[in-house]
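So you know, we letter chains A, B, ... as the sequences are listed, proteins then strands, and number each from 1.
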Amino acid sequence: MIAPMSKYPFSEIETKWQKYWEENQSFAVTEDESVPAEKRMYVLDMFPYPSGAGLHVGHPEGYTATDIYCRYLRMNGYNVLHPMGFDSFGLPAENYAIKTGTHPKVTTENNIENFRKQIKRLGFSYDWNREVSTHSSEYYRWTQWIFLQLYKQGLAYESRTPINWCDNCKTGLANEEVKDGKCERCGTAVVRKSIRQWVLKITEYADKLLADLDSVNWPESVKLMQQNWIGRSEGASVVFQIDGMDDQLEVYTTRPDTLFGATYMVVAPEHPLVGKLTRGEQKSAVEAYLEATAKKSDLERTDLAKDKTGVFSGSYAINPVNGKKIPIWVADYVLISYGTGAIMAVPAHDTRDWEFAKKFNLPIVEVLKSAVDVQEEAWTKDGIHVNSDFINGLNKEDAIEKMITWLEERKVGTKSVNYKLRDWIFSRQRYWGEPIPLVHCPTCGTVPIPEDQLPLLLPEVSSYEPSGTGESPLAKIDSWVHTTCPVCGGAAKRETNTMPQWAGSCWYYLRYLDPNNETEFVSKEKEQYWMPVDLYVGGAEHAVLHLLYARFWHKVLFDLGLVSTNEPFKRLVNQGMITSYAYQRPDKSLVPTDMVEEVETDVFVEKETGQKLERVIAKMSKSLKNVINPDEIIQEFGADSMRLYEMFMGPLEVSKPWATAGLNGIYRFLDRVWRLYEERTITDDEPSKDLNKTLHKTIKKVTHDTSTLNFNTAISQMMVLVNELYKVQEFPSVIAETLVKLLGPYVPHIAEELWEKLGHKDSLTKVSWPTFDEKLTIDDEIEMVFQVNGKVRDKQTVSKDMDKASALAMAKESEKIQQWIEGKTIVKEIVVPDKLVNIVVR
RNA sequence: GCCGGCGUGGUGAAAUUGGUAGACACGAUAGACUCAAAAUCUAUUGAGCGCAAGCUUGUAUCGGUUCAAGUCCGAUCGCCGGUACCA
């Protein structure tokens with residue numbers, strides 16, 4: 001890294017102003033009723049998990065963006081709420097505790113300390129008085145309280161379902177925590193295990209969560225991802241009688257119109273009827289199959305299992321439309337967690353069913369007129385119905401409607417809606433989380449802890465090791481587990497599960513509004529003053545889970561009348577990832593950065609072998625040694641450079657590679673700004689016409705681009721102004737002051753310092769944003785382009801608003817143009833005022 | 001596979017409604033200053049041809065619409081992110 005030659009004393013300046021803002025409480029905000037509702041803004045960052053690794057360069061990106069926006073809003077007279085806190089429950093601290101015996105609270109609070117210091121060093125304008133940490137008992141008291149409200153609404157229930165089990169962490173994982181069939185945290189392959197879990201009925205809100213996506217200003221891609229995740233589909237549930245039994249098998253299908261093509265059925269291995277369906281000589285085969293699938297992880301059941309497996313149960317079902325007996329199979333390509341865990345298979349028109357039918361020689365019947373031979377491949381597109389009795393000749397829509405009517409008349413099926421969304425497994429067998437505030441009483445059943453007894457504190461334990469039985473470390477503390485029932489006073493046991501990390505982040509934006517309230521989770525007045533969040537900025541990795549869970553809790557609170565808006569986040573912006581360069585061998589393997597040498601510009605070789613490497617873009621990772629540490633950057637270039645560089649790299653929403661070389665350019669710019677005020681004479685004169693025009697254009701562009709979060713182009717324009725100022729020896733103070741105001745939100749430390757040097761006593765944070773005169777931004781001379789057949793052949797400077805006829809005449813007078821049209825026939829003449837003339841010739 | 005996003009100089013990137021492609025910055029080259037270097041300043045910098053004026057070409061590839069396409073439409077290729085047999 002090339003340390004810059006330090007000209008401007010950024011280190012001194014930054015320390016000075018950070019201290020000033022803190023001492024003067026410059027960013028503390030109150031609910032000032034004199035500010036009208038439309039001038040109140042709530043700008044929120046996704047709060048970080050305080051990991052031991054400290055701040056990553058990705059964090060300051062979003063934080064700088066919101067900081068610029070907030071400072072800009074304040075200068076425009078807004079009352080801005082801009083808080084920060086920590087999502088401080090989570091596995092890494094607990095895993096560290098298991099390894100070292102250090103209490104997670106100690107680790108976590110050290111990390112928070114470090115994070116806070118690192119964040120403050122960047123000079124963000126947070127109201128630190130509102131800081132919250134999800135692991136503090138004053139905070140999780142209310143997380144527990146909200147859980148109890150959900151519980152009392154019947155939205156929490158216990159369930160024994162097969163869950164993902166990590167043998168290494170000795171704990172259950174939600175589906176969301178499994179990546180590629182492996183434990184997201186430790187990488188161990190996940191197996192299935194049945195365990196008692198608390199589950200939240202998010203599916204009850206599926207329709208609202210889906211419908212209200214229409215009302216928020218979010219990126220379309222995020223809305224679409226949530227839509228797909230909720231996965232609403234319309235179809236029918238159909239009841240199949242089992243041959244020779246009283247039992248029935250219910251299936252969900254989106255294509256009831258293909259019922260005549262259903263030639264067999266499949267139930268998931270976990271289906272409750274499997275035992276009953278298994279007959280005679282199939283018994284041992286089915287049992288063997290069940291045993292084999294139970295051992296399989298999700299990985300093997302999905303990714304690796306291109307080959308369909310299954311076993312015949314020995315039973316048959318009756319197809320309700322034609323009375324035919326069709327075999328019932330058990331196969332793990334049917335999931336117990338979706339629909340009813342059983343399907344009717346239509347192999348002619350479904351690829352999965354077709355593969356299965358081929359493998360096990362099951363009949364394939366065409367019911368949609370196909371362009372291919374369905375014995376050779378499945379036809380999954382539309383077609384007119386055939387071999388289907390009363391719906392023959394109908395199209396898809398009509399056939400579905402007619403079939404549902406037919407099924408409903410005979411009471412063997414109904415129209416039904418299904419969701420991919422599953423209920424949310426809410427308990428964790430962990431220590432470092434909010435204890436679930438419930439008691440199990442032998443006489444009264446499950447009893448909530450009275451609200452006035454919250455928080456239910458996390459007890460001290462001697463060992464953080466999971467019990468290994470699937471229970472949390474809390475289960476091992478007898479004195480904590482044994483309690484009395486709040487209802488009958490008899491002996492009872494505490495719930496030992498804790499909540500997932502998502503719980504704390506589901507409502508932190510509400511606690512910021514009123515962080516010290518001891519009687520309510522948030523007061524009504526404060527909630528109504530600020531909500532909803534006007535702008536929420538964070539990483540795209542939270543597009544589905546965090547945002548869906550938070551919306552769910554918010555909607556429950558809304559239905560209970562506890563919050564005033566039905567959606568929490570009005571506008572969402574995802575910042576792009578900051579990536580890094582990595583170096584790739586011809587075989588596509590990556591080389592750690594410290595093993596690479598740049599032999600000439602953009603030519604890279606591997607030090608050891610001399611082999612030529614290609615520079616590619618990759619995520620920052622420890623193994624590639626391409627992680628950038630913000631502390632080092634601030635040390636060498638200053639916080640202002642760091643902030644400005646991250647914003648100058650490119651648009652906020654896209655991912656972009658970090659290049660420390662680019663930082664030099666930004667540092668140089670700030671140094672130039674500094675020297676401008678040090679070395680040039682600032683006069684009381686009126687600005688020259690040209691400079692004044694650049695000034696007003698700059699105010700206009702910076703104003704517009706800052707309000708739309710297009711920071712990179714705003715910065716370019718400020719560079720243009722500074723370049724102009726360098727061409728003159730002295731410039732008027734109105735320009736000097738305006739430039740400092742424009743820079744203020746972007747590089748607040750140097751701007752404050754320059755503001756003070758210009759003789760101002762008050763902080764720049766109290767100053768109004770500059771205004772521009774539209775008239776002064778308009779050029780009165782324009783370079784007009786003359787084209788022949790769409791190609792530029794001449795350019796001339798003309799006065800603005802020249803009429804079409806004169807522009808055309810001028811073009812035709814041009815010698816250069818005459819050369820190109822001479823001897824040709826003019827077919828068409830196009831004049832775009834103040835832009836161009838295009839003469840089309842043949 | 002499916003869903004979403006994106007392909008513009010050596011590099012990061014600009015380009016309100018289709019109207020001068022490459023603003024701004026990095027890097028590079030040359031020069032000034034200096035004993036020298038750094039820093040700073042000035043100039044040049046998409047590619048090709050040309051002494052020059054200038055010409056040709058150029059926004060992943062191919063095709064289309066249009067007086068005019070980075071921008072609109074169709075196909076193909078590549079990269080990134082999400083997801084996983086969802087009946």
Side-chain angles (χ1 to χ4, degrees), chain A residues 2 4-7 180-181 219-225 227-229 231 233 235 251-255 258 266 298-299 301-303 305-306 308 331-335 337-346 350-353 355-356 418-422 540-541 543-544 576-577 579 581 600-603 615-619 645 648-651 653-666 668-669 671-672 675 704 710 712-720 723 726 783-792 795 816 827-830 832 834-841:
Chain A
I2 313 129
M5 183 81 169
S6 180
K7 282 268 175 63
D180 298 328
E220 283 307 312
S221 62
V222 174
K223 288 200 210 178
L224 203 69
M225 277 162 79
Q227 241 171 55
N228 293 342
W229 190 267
S233 69
V251 302
Y252 170 76
T253 176
T254 52
R255 295 300 299 270
T258 61
V266 184
D298 265 1
L299 178 67
R301 282 180 69 158
T302 58
D303 280 23
K306 298 287 176 219
K308 297 267 181 296
D332 63 7
Y333 82 92
V334 171
L335 308 175
S337 51
Y338 183 75
T340 60
I343 61 153
M344 61 176 222
V346 184
D350 181 283
T351 319
R352 295 154 300 174
D353 295 344
E355 284 167 4
F356 192 82
N418 214 349
Y419 298 94
K420 265 161 71 171
L421 184 69
R422 297 176 205 163
E541 66 273 20
V544 178
M577 206 187 334
T579 53
Y581 289 117
E600 55 187 278
T601 308
D602 291 320
V603 180
R615 189 169 80 173
V616 295
I617 286 167
K619 280 188 197 174
Y645 174 61
F648 186 62
M649 284 168 81
E653 298 88 345
V654 307
S655 79
K656 15 186 199 275
W658 180 276
T660 302
L663 198 54
N664 279 321
I666 287 297
R668 203 176 292 168
F669 168 69
D671 194 46
R672 273 163 71 81
R675 282 185 286 122
H704 177 262
N710 292 111
N712 54 331
T713 47
I715 296 165
S716 298
Q717 185 59 41
M718 290 191 268
M719 289 174 168
V720 170
N723 288 346
Y726 257 84
E783 190 173 59
M784 188 165 253
V785 168
F786 299 148
Q787 298 179 326
V788 177
N789 286 352
K791 289 200 168 150
V792 180
K795 296 174 187 179
K816 285 174 187 161
V827 191
K828 203 166 181 177
E829 290 158 342
I830 292 117
V832 182
D834 294 335
K835 285 258 161 67
L836 56 78
V837 175
N838 186 13
I839 298 170
V840 184
V841 296

Is K791(A) close enough to U57(B) that one of its side-chain N or O atoms is under 4.0 Å from OP1 or OP2 there? yes

Each base of RNA chain B marked ( ) or [ ] if paired in-strand (Watson-Crick or G-U under 3.5 Å), | if paired to another strand and . if unpaired gives (((((((..(((......[....)))((((((.......))))))((((....))))..(((((..]....))))))))))))....

Taken to the nearest whole Å, CG/N712(A) to C1'/A13(B) is 8 Å

Rounded to whole Å, the CH2-C1' distance (W658(A) to C26(B)) equals 14 Å

- Is any side-chain N or O of R672(A) closer than 4.0 Å to OP1 or OP2 of C41(B)? yes

Report task. Please answer whether the main-chain N or O of S233(A) pairs with a side-chain N or O of N418(A) as donor and acceptor at a distance below 3.5 Å. Result -> no

Atom OH of Y726(A) and atom P of C24(B) are separated, to the nearest Å, by 17 Å

Winner on side-chain proximity to K816(A), out of A87(B), G12(B), G54(B), is G54(B)

Expected label for G9(B) (glycosidic angle, syn inside 90° of 0, else anti) would be syn

Against the side chain of F648(A), the closest entry in C24(B), A87(B), A13(B) is C24(B)

Report yes if at least one side-chain N or O of Y338(A) is closer than 4.0 Å to OP1 or OP2 of A87(B); otherwise report no.
yes

Taking W658(A)'s backbone N and O only, do any of them form a donor-acceptor pair with Y645(A)'s side chain (distance below 3.5 Å, no angle check)?
no

**Asked** Reckon N789(A) touches a base, only the sugar-phosphate, or nothing at all at heavy-atom distances under 4.0 Å?
**Response** nothing

Residue set satisfying side chain to side chain contact (heavy atoms under 4.5 Å, CB included) with K828(A), at least two apart, ordered chain then number -> I830(A), V840(A)

N710(A) atom CG is separated from A15(B) atom C1', nearest whole Å, by 13 Å

Practice prompt. Could you check whether F669(A) gets within reach of a base, just the sugar-phosphate, or nothing at all, counting any heavy atom under 4.0 Å?
Written response: nothing

Original post:
Under 4.0 Å between a side-chain N/O of K420(A) and OP1 or OP2 of C86(B), yes or no?
Top reply: no

Quick note, R422(A) side chain, CB onward, closest among A23(B), C86(B), G12(B) is C86(B)

Give each protein N/O atom lying under 3.5 Å from an N/O atom of nucleotides 18-20 of chain B, with the pair distance.
{"from": "U20(B)", "atom 1": "O2", "to": "K795(A)", "atom 2": "NZ", "distance (Å)": "2.9"}
{"from": "U20(B)", "atom 1": "N3", "to": "E783(A)", "atom 2": "OE1", "distance (Å)": "3.3"}

Q) If we take the P atom in both C62(B) and C77(B), what is their distance in whole Å? A) 15 Å

Q717(A) CD to U16(B) P, in whole Å, measures 15 Å

Residues passing the side chain to side chain donor-acceptor pair (under 3.5 Å) test with T254(A), sequence neighbours excluded, are none

Considering just the side-chain nitrogens and oxygens of R668(A), establish if one lies under 4.0 Å of OP1 or OP2 belonging to G27(B). yes

So, the side chain of N710(A) versus the backbone of T713(A): is there a donor-acceptor pair under 3.5 Å, distance only?
no

What integer number of Å spans the C1' atoms of A13(B) and C6(B)?
14 Å

*Under 4.0 Å: is that the gap between some side-chain N or O of R352(A) and OP1 or OP2 of A87(B)?*
no

Check nucleotides 3-7 of chain B against the protein and report each pair of N or O atoms closer than 3.5 Å, with its distance, or say if there are none.
{"from": "C3(B)", "atom 1": "O2'", "to": "N228(A)", "atom 2": "ND2", "distance (Å)": "3.4"}

K420(A) meets the salt bridge (Lys or Arg N to Asp or Glu O under 4.0 Å) criterion, sequence neighbours left out, with none

In whole angstroms, the gap separating P of C85(B) from NZ of K308(A) amounts to 10 Å

Among A25(B), C67(B), A87(B), the one nearest any side-chain atom of T253(A) is A87(B)

Rounded to whole Å, the CE-P distance (M344(A) to C86(B)) equals 15 Å

Practice prompt. Would you classify K223(A) as touching base, sugar-phosphate or nothing, given that sugar-phosphate means primed atoms plus P, OP1 and OP2, and contacts are heavy atoms under 4.0 Å?
Written response: nothing

| said: Taking A14(B) as the reference, what is the distance to C35(B) when you measure between their P atoms (whole Å, please)? | reply: 44 Å

Taking for V544(A) and for P651(A) the nucleotide of RNA chain B with the nearest heavy atom, the one nearer the 5' end belongs to P651(A)

Query raised in the report: Distance between the P atoms of G7(B) and G70(B), in whole angstroms?
Result: 14 Å

Review point. With rounding to whole Å, what would you report as the distance between G74(B) and G9(B) at their P atoms?
Key: 24 Å

Whole-Å distance, I715(A) CD1 to A25(B) P, equals 12 Å

Those residues at least two apart in sequence (or on a different chain) that pass side chain to side chain contact (heavy atoms under 4.5 Å, CB included) with K795(A) are E783(A), V785(A), V792(A)

Does any non-hydrogen side-chain atom of F648(A) lie less than 4.5 Å from one of M719(A)?
yes

* Between A52(B) and U42(B), how far apart are the P atoms? Round to whole Å, please. => 26 Å

Hits for side chain to side chain donor-acceptor pair (under 3.5 Å) against K223(A), two or more places apart or cross-chain, chain-then-number order -> none

Among the nucleotides C24(B), A14(B), A87(B), whichever has the atom closest to the side chain of T713(A) is A14(B)

Can you tell me, in whole Å, how much space there is between the C1' of G12(B) and that of U16(B)? 23 Å

* Spacing of the P atoms in C72(B) and G5(B) (rounded, Å) -> 12 Å

Across all chains, not counting sequence neighbours, the side chain to side chain donor-acceptor pair (under 3.5 Å) partners of Y419(A) are D207(A)

Sorted by chain and number, sequence neighbours left out, salt bridge (Lys or Arg N to Asp or Glu O under 4.0 Å) with R675(A) holds for D671(A)

Between the CE atom in M344(A) and the CZ atom in R255(A), the distance rounded to the nearest 0.5 Å is 9.0 Å

Side-chain donor or acceptor of N789(A) paired with backbone N/O of V841(A) under 3.5 Å:
yes

Applying side chain to side chain donor-acceptor pair (under 3.5 Å) to N723(A) and not counting sequence neighbours gives R672(A)

I343(A) has its side chain closest, among A13(B), G27(B), A87(B), to A87(B)

Across all chains, not counting sequence neighbours, the side chain to side chain contact (heavy atoms under 4.5 Å, CB included) partners of M225(A) are A543(A), V544(A)

